[in-house]
Amino acid sequence: MDALVQKGVIRTLFSMAVPMLAGTFAMNAYNLTDTWFVSRLGTLPLAAMGFTFPVVMLITCVGRGIGSGVTTLAAHAMGRKNHHEAERFVGQGMIMGLVVTVLLSILGYLLIDPVFRLLGADEQTLPLIGDYMRTWYVGTVFMTIPMLAHGTLIAVGDSRAVSRLIVMGTLLNVILDPIFIFGFLGIPAMGIQGAALATVIAQALPIAWLMHLLIRKHHLLTHASVALSGSLAVMRRISEFAIPGFLSMILMPISASVITKILSSFGNEAVAATGAAGRLEMFAFMVPMALGISLTPFVSQNFGAERIDRLRHAHKVSTLFALGYGGFITCLFYITAPWLAAAFTEDPKVTEVLVTYIRIVAFGYGMMEVHRYCTFFLTGMHKPMASTCLNAIRVLIFLVPLSYLGAYLGGINGVFIGRLATDLIVGAIGIVWVLMTLKKNHTPSSHNPSRSDSSDLESMSSV
């Protein structure tokens with residue numbers, strides 16, 4: 001725990017990030033594997049998978065929003081060497097996350113047809129979407145638990161365990177996907193529904209080990225941590241981070257839904273191509289994602305220890321890394337775009353759209369990652385609403401309007417140009433915002449976040 005506030009900044013960040021590389025690789029391989037196997041079924045199932053992406057993101061964002069709040073507060077408590085408070089945030093956050101996501105999943109299950117009709121799905125894709133989503137909704141509880149727990153384990157320096165857990169799940173998914181999708185070992189072929197079932201099972205099986213780590217090894221999930229006494233105050237404190245985090249993250253599926261709606265007017269091939277391209281992007285950015293996962297607990301612990309100097313250094317290092325890696329991926333994707341497309345489809349129209357998307361949007365990858373890192377910094381410095389505002393600016397002020405304008409002026413290529421312009425502009429805004437926030441917190445005595453957290457802990461015992 002002390003390493004996050006005492007050892008060298010670069011050494012600390014990359015010692016946390018490197019063990020996560022296998023985990024982020026595996027994390028993105030979930031979606032990429034499903035997409036690749038489903039693409040073997042044809043363009044229509046691939047388009048159906050593209051339609052599910054915004055809704056899957058929505059439920060995922062709920063879990064991640066709560067998980068972000070738990071990670072930030074638990075890491076801050078650990079930075080002040082208050083293990084009991086960290087336990088309470090972890091235990092109550094787990095309960096809160098499970099209840100909320102289960103309720104949303106029930107609602108989503110009942111509204112599959114009307115929701116996807118709104119997204120532009122037609123009579124051909126709706127049955128396939130229903131097959132996938134009904135299975136996926138049933139298994140959301142197995143998705144939520146890891147999302148709530150992984151950040152906490154990283155905050156206590158156990159990123160290796162998180163990486164192993166994610167890799168285990170991904171390997172199971174790779175094995176189960178062809179079995180359930182195409183039918184092997186006496187199991188009937190389930191098509192797109194099999195992809196959802198494989199993911200649910202692969203996420204469920206590693207949970208026993210995850211619980212062992214939280215309960216036995218790190219003592220962060222105990223009877224005291226889930227006790228009802230004082231739970232309202234704890235959940236209220238988590239909500240102060242979870243609600244802005246959720247609002248920030250929900251902008252992603254909302255924007256994805258709008259973009260999907262725009263693209264659906266250009267045909268199922270456009271939806272299929274951009275859905276596959278989105279998963280390629282996630283896979284390509286597994287390296288900077290490993291660093292990004294480490295940023296919030298690092299920033300929060302150092303903010304709790306009032307080490308603003310370390311935060312300045314970390315911001316400079318992470319920004320340069322994002323830009324350098326983004327430039328490398330841009331060159332790589334631009335050159336290999338036709339071969340990347342060929343891995344997902346043989347349809348010439350899907351291939352054309354996918355290659356065009358990559359060769360336009362890739363030039364904003366570096367600044368896109370800069371923007372993402374800036375939101376992690378703002379959250380870690382207990383500015384969750386600032387992080388939400390930065391994401392809102394990206395989606396509401398730039399991405400959605402520029403996508404509509406681009407579609408009107410330049411067709412499908414205009415949509416992609418709108419996305420590129422958004423990434424470049426908002427990345428620059430994020431850099432300025434974080435630098436201003438760091439400047440305001442330069443004097444440690446001017447801001448002592450431990451006071452508010454201590455008063456919260458007192459209120460917990462009085463509820």
Side-chain angles (χ1 to χ4, degrees), residues 4-5 9-10 12-17 20 23-24 27 60-61 63-76 78-79 147-148 150-155 159 162 240-242 244-252 282 285-304 307-308 310-323 325-326 365-395 423 426-438 441 449:
L4 299 191
V5 296
V9 171
I10 296 177
T12 302
L13 285 174
F14 286 96
S15 67
M16 295 170 70
M20 282 302 301
T24 54
M27 190 187 307
T60 302
C61 287
R64 286 183 177 169
I66 296 173
S68 175
V70 172
T71 298
T72 303
L73 291 167
H76 191 264
M78 291 169 194
M147 281 194 299
L148 293 170
H150 287 169
T152 302
L153 291 175
I154 294 169
S159 57
V162 174
E240 291 175 6
F241 285 79
F246 169 68
L247 291 175
S248 180
M249 292 179 191
I250 200 176
L251 290 168
M252 295 167 59
M282 293 172 64
F285 273 85
M286 63 183 182
V287 174
M289 186 184 297
L291 178 61
I293 289 171
S294 307
L295 278 177
T296 297
F298 174 87
V299 172
S300 190
Q301 280 207 29
N302 281 275
F303 188 64
R307 293 298 307 271
I308 305 301
R310 290 171 61 82
L311 298 186
R312 286 181 177 277
H313 191 187
H315 180 245
K316 180 179 179 180
V317 169
S318 61
T319 299
L320 291 175
F321 178 76
L323 292 173
Y325 185 84
Y365 283 168
M367 291 299 275
M368 177 186 74
E369 200 63 29
V370 166
H371 161 262
R372 200 190 326 264
Y373 284 178
C374 288
T375 63
F376 295 153
F377 265 88
L378 292 170
T379 299
M381 288 188 288
H382 287 204
K383 302 287 185 183
M385 283 307 300
S387 178
T388 300
C389 287
L390 185 57
N391 277 322
I393 289 171
R394 181 182 190 275
V395 173
D423 289 338
V426 181
I429 293 172
I431 291 173
V432 173
W433 202 322
V434 171
L435 289 175
M436 290 175 62
T437 304
L438 287 168
N441 287 278

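For the single chain, residues carry numbers from 1 onward in sequence order. Both backbone and side-chain heavy atoms feed into the values below; hydrogens, waters and symmetry mates do not.
- Using a 4.5 Å cut-off on side-chain heavy atoms (C-beta onward), W433 and C374 make no contact.
- Annotation for H315 and I431: closest pair CE1-O, 4.1 Å, computed over non-hydrogen atoms.
- Taking the side chain as every heavy atom from C-beta outward, H371 and M367 never approach each other to under 4.5 Å.
- Listed here is the closest heavy atom pair of F298 and A314: CE2-CB, 3.6 Å.
- The shortest non-hydrogen separation linking V370 to G427 is CG1-O, 3.8 Å.
- Atoms CZ and CG, on R372 and L295 in that order, are 11.5 Å from each other to the nearest 0.5 Å.
- For the atom pair S318 OG and H313 NE2, the distance stands at 10.0 Å (nearest 0.5 Å).
- Here the shortest heavy-atom pairing between V434 and M381 reads CG1-CE, 4.4 Å.
- L378 places none of its side-chain heavy atoms less than 4.5 Å from the side chain of P384.
- Note that CG of L390 and NZ of K383 are 14.5 Å apart. Values are rounded to the nearest 0.5 Å.
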side-chain contact (heavy atoms from CB on, under 4.5 Å) for L311 and I308? Distances and angles first, verdict last. CA-CA 5 Å; L311 298 186; I308 305 301; 4.0 Å; yes
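- Relative orientation of the F376 and Y373 rings is tilted, given thresholds of 30° and 60° on the angle between their planes.
- Looking at E369 and Y325, their side chains never come closer than 4.5 Å, going by heavy atoms from C-beta outward.
- With contacts defined as side-chain heavy-atom distances shorter than 4.5 Å, the pair R394/D423 qualifies.
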